[in-house]
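Remarks on the structure that follows.
Each chain gets a letter, A, B and so on, in the order its sequence line appears, and its residues count up from 1. For clarity, every value in this text was computed on a predicted model and none was experimentally measured.
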Amino acid sequence: MKLYNTLTKKTDDMLPLDGKSIRIYSCGPTVYDHSHIGNLGSFIFADTLRRTVAANGVKARHVMNFTDIDDKTIRRAQENYGDLEPMAALIKLTEEYGRIFMADMKAVGNDVTAMTFTKATEHIDQMQGLIRELHEGGFAYVADDGVYFSIKAYKKSGKKYGQLSEVTVSSTSQARISNDEYDKESAHDFALWKKQKPAEPAWDFELAGHDLRGRPGWHIECSVMSSGELGQPFDIHTGGVDLTFPHHENEIAQSTAGHDDPLYAKLFAHNEHLLVDGRKMSKSLGNIYTLKDIQEKGFDPLAFRLLVLQAHYRSQAHFSWENLEAAQNRLQDLRALAALRWQPRKVAHDSGTEALRDIPDELAAILADDLDTPRALAYLSRVSAQLLAVHIEEDMVDHFVAMLQGVDALLGLGLLDVKDITSGQKKLIAEREAARADKDWKRSDEIRDELASQGVGLSDHPHGVIWFPLGPSRPVQK
RNA sequence: GGCGCGGUGGCCGAGUAGUUAGGCAGUGGUCUGCAAAACCAUUUACGCCGGUGCAAAUCCGGUCCGUGCCUCCA
């Protein structure tokens, strides 16, 4: 497959470095609050990437981290659970939001069983080990408030800082450094380790005779967890565009300082932001949404997944309730298609459909082209329209289900989860057919309304009635 | 200021020179007991200015607008 690489600024062919599997590391959530829908969009991208790799015949290993120790988690833990010990408060907070995060992930169709999740707080030893190595190699120095990475030393060793983006030290950040309370040697030096401040959770750490009890910096955790789980170099590193600099740049520096092999990850894939009202979500604009907001409005979380997939990951998608409603409608159409597996019928064969088994293969091929999800969905809609126009015959059901399985494996839209209706509902349909035969339209319409209230829609065709799942009742107010 | 990205019909969103993208929504019609679905028709767009082409949404220059990073924000 091909994928755009921020390192090379072009679309590269993805071949497994180890010849067997593609190893993917995704920067995960900071578990201090509900993830907003932009976060989830990033993870939908990462999930779809892994699905595409797997569908194109290569084994995929996918690791995602939890940032469960940083400024935000510490602050929120103090706010919410100030009565607890700092460490206990941190754990209580991050476990709480970790659970919510996993629920959100599943709800938007991300296959968490195919990923390995790691926590920063469970890798403190390894982080200290790496910091020790960097210090011994002359790439890190101890300052008043912690340990810093020296970009100067890194450059001196012959490596480039700024592989992902051209880093320029602007006048504004120059000005900032002079005011900076931190004891840094240069503007872009970043913290590997921070000494404990009052009421903060901390771990013991002694380095070169200094007592540095404290906690790790943000960047070091990803360096440690990625290579720890996947080895180094690994194949693909994902994240939102905002992580390009400084986070990913710093990861590269930390992980390659003193190494002969200058490669940390072969390919960096960055997804663009999801915009709301044409802008990036931010607290100051008050336009942050979470999955909870979407669910409370009666939308299906998978409609949000579809909305994300409708845009290419390298372009800014626009979130609005109107767009979400369009996506919800599109999802219902796909579910109506999926429902046909439960209602095969004997009719004249229609040869106009594409071979069912080719559909997942075709989708996989489209997605293999730099994860072209909009084109994949356009293809699926086209095929879906063709399939809806015919009837699934009994001897086609197995192939049809296999097709749905293939589509679900790639897009995670849960089409296979469309359940059969109950025997009671089937009886009602039969009763309605009898009423229609008697031209008892009143009874017929009553039954149709009753089924609609149960979430089952009906459509009368020359060859008989077809049912389909109804979406949530029109949630949007214009 | 430095480094990027984008401006397509009511809303999304494909499209790197010449044949209807597609989706959602709207309108009229066919069909239907009524619906739904489907089908037909309809709305024919490409920020603005200029340039190069027989021909430009598509190439070049300029310009306006929006947006992102340069701040431990996906």
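With C1' as the reference atom, B:U16 and B:C60 are 14 Å apart, rounded to whole Å. Here, B:C48 and B:U42 have their P atoms 26 Å apart, quoted to the whole Å. Separation of the P atoms belonging to B:A25 and B:A37 is 9 Å when rounded to the nearest angstrom. B:G62 and B:C5 are spaced 15 Å apart, taking the P atom of each and rounding to whole Å. Distance noted for atom C1' between B:U58 and B:G23: 23 Å (whole Å). Between the C1' atoms of B:U20 and B:U52, the separation comes to 29 Å (whole Å). Across the C1' atoms, B:G15 and B:G6 are found 16 Å apart, a figure rounded to whole Å. Remark: the separation of the C1' atoms in B:U63 and B:C54 is 29 Å, to the nearest Å.
A salt bridge does not link A:D370 with A:K2: every distance from a Lys NZ or Arg NE/NH1/NH2 to an Asp or Glu carboxylate oxygen is 4.0 Å or more. Ion pairing between a basic and an acidic side chain is recognised when a charged N comes within 4.0 Å of a carboxylate O; A:D70 and A:R76 show no such pairing.
If you check distances only, the side chain of A:R448 never reaches the base of B:A36 with a donor-acceptor pair under 3.5 Å. Scanning atom types as modelled, no donor and acceptor separated by under 3.5 angstrom connect the side chain of A:D333 and the base of B:G23. With hydrogens and angles ignored, no donor-acceptor pair closer than 3.5 Å exists between the side chain of A:S459 and the base of B:A37. Evaluation of atom-type donor-acceptor distances gives no pair under 3.5 Å for the side chain of A:S315 against the base of B:G13. With hydrogens and angles ignored, a donor-acceptor pair closer than 3.5 Å exists between the side chain of A:D460 and the base of B:C34.
Judged by closest nucleotide on RNA chain B, A:H318 is the one of A:F43 and A:H318 placed further toward the 5' end. RNA chain B is contacted by both A:A311 and A:Q316; A:A311 maps to the nucleotide lying nearer its 5′ end (nearest heavy atom per residue).
Residue A:G457 is classed as having no contact, given no heavy-atom separation below 4.0 Å to the nucleic acid. Heavy atoms of A:R432 sit under 4.0 angstrom from at least one base atom. Residue A:F468 is in sugar-phosphate contact alone, with no base atom involved, counting any heavy-atom pair closer than 4.0 Å across all strands shown. Residue contacts shown for A:R375 are absent, as no nucleic acid heavy atom lies under 4.0 Å away. A:S320 comes within 4.0 angstrom of nothing in the nucleic acid, heavy atoms only. Counting non-hydrogen atoms under 4.0 angstrom, A:L307 reaches nothing in the nucleic acid.
Of the possible donor and acceptor atoms, none in the side chain of A:R314 sits under 3.5 Å from a partner among the backbone N and O of A:A269. A donor-acceptor contact shorter than 3.5 Å is absent between the side chain of A:Q163 and the backbone of A:I252. The backbone N or O of A:L212 lies less than 3.5 Å from a partner atom in the side chain of A:W193, making a donor-acceptor pair. Put simply, the side chain of A:R23 never gets that close to the backbone of A:V63: no donor and acceptor are under 3.5 Å apart.
Between B:C24, B:G23, B:A74, one nucleotide has an atom nearer to the side chain of A:A326 than all others, and that is B:C24. Distances were taken from every side-chain heavy atom of A:A378 (C-beta onward) to each of B:G22, B:A74, B:A14; the shortest belongs to B:G22.
In this structure, A:H248 places its NE2 atom 11 Å from P of B:A74, rounding to the nearest Å. Protein atom CG of A:D33 is 14 Å distant from nucleotide atom C1' of B:A74, rounded to whole Å. The CZ-C1' distance, from A:F45 to B:A74, rounds to 11 Å in whole Å. Rounded to a whole Å, the CG atom of A:N271 is 20 Å from the P atom of B:U67. Rounding to whole angstrom units, CD of residue A:E325 and P of B:G23 are separated by 17 Å. In this structure, A:R305 places its CZ atom 20 Å from P of B:A74, rounding to the nearest Å. Rounded to an integer number of Å, the gap from A:L458 CG to B:C34 C1' is 13 Å. Put simply, NE2 on A:H247 is 16 Å from P on B:C69, counting in whole angstrom units.
Evaluation of the side chain to side chain donor-acceptor pair (under 3.5 Å) test over residues 216-225 of chain A, restricted to residues two or more places apart or in two chains, returns A:N65-A:E221, A:T67-A:E221, A:H219-A:H247, A:H219-A:N250, A:S223-A:Q254, A:S223-A:S255.
Ring geometry, A:F149 versus A:F139: the interplanar angle falls under 30°, so the pair is classed parallel (tilted spans 30 to 60°).
Contact annotation: A:K72 reaches the phosphate of B:C73 (side-chain N/O to OP1 or OP2, under 4.0 Å). Phosphate contact (OP1/OP2 of B:C24, side-chain N/O of A:N323, threshold under 4.0 Å): absent.
B:G53: glycosidic angle within 90° of 0, hence syn.
Listed by chain and number, the residues in a ring-ring contact (aromatic ring centres under 6.0 Å, His included) with A:Y289 are A:F319, A:W321 (sequence neighbours excluded).
No option in A:T118, A:T94, A:T30, A:T121 other than A:T121 meets the side chain to side chain donor-acceptor pair (under 3.5 Å) test with A:D68.
Counting only Watson-Crick and G-U wobble pairs whose two distances sit under 3.5 Å, RNA chain B takes part in these stems of three or more pairs: B:1-7 with B:64-70, B:10-12 with B:22-24, B:26-30 with B:38-42, B:47-51 with B:59-63.
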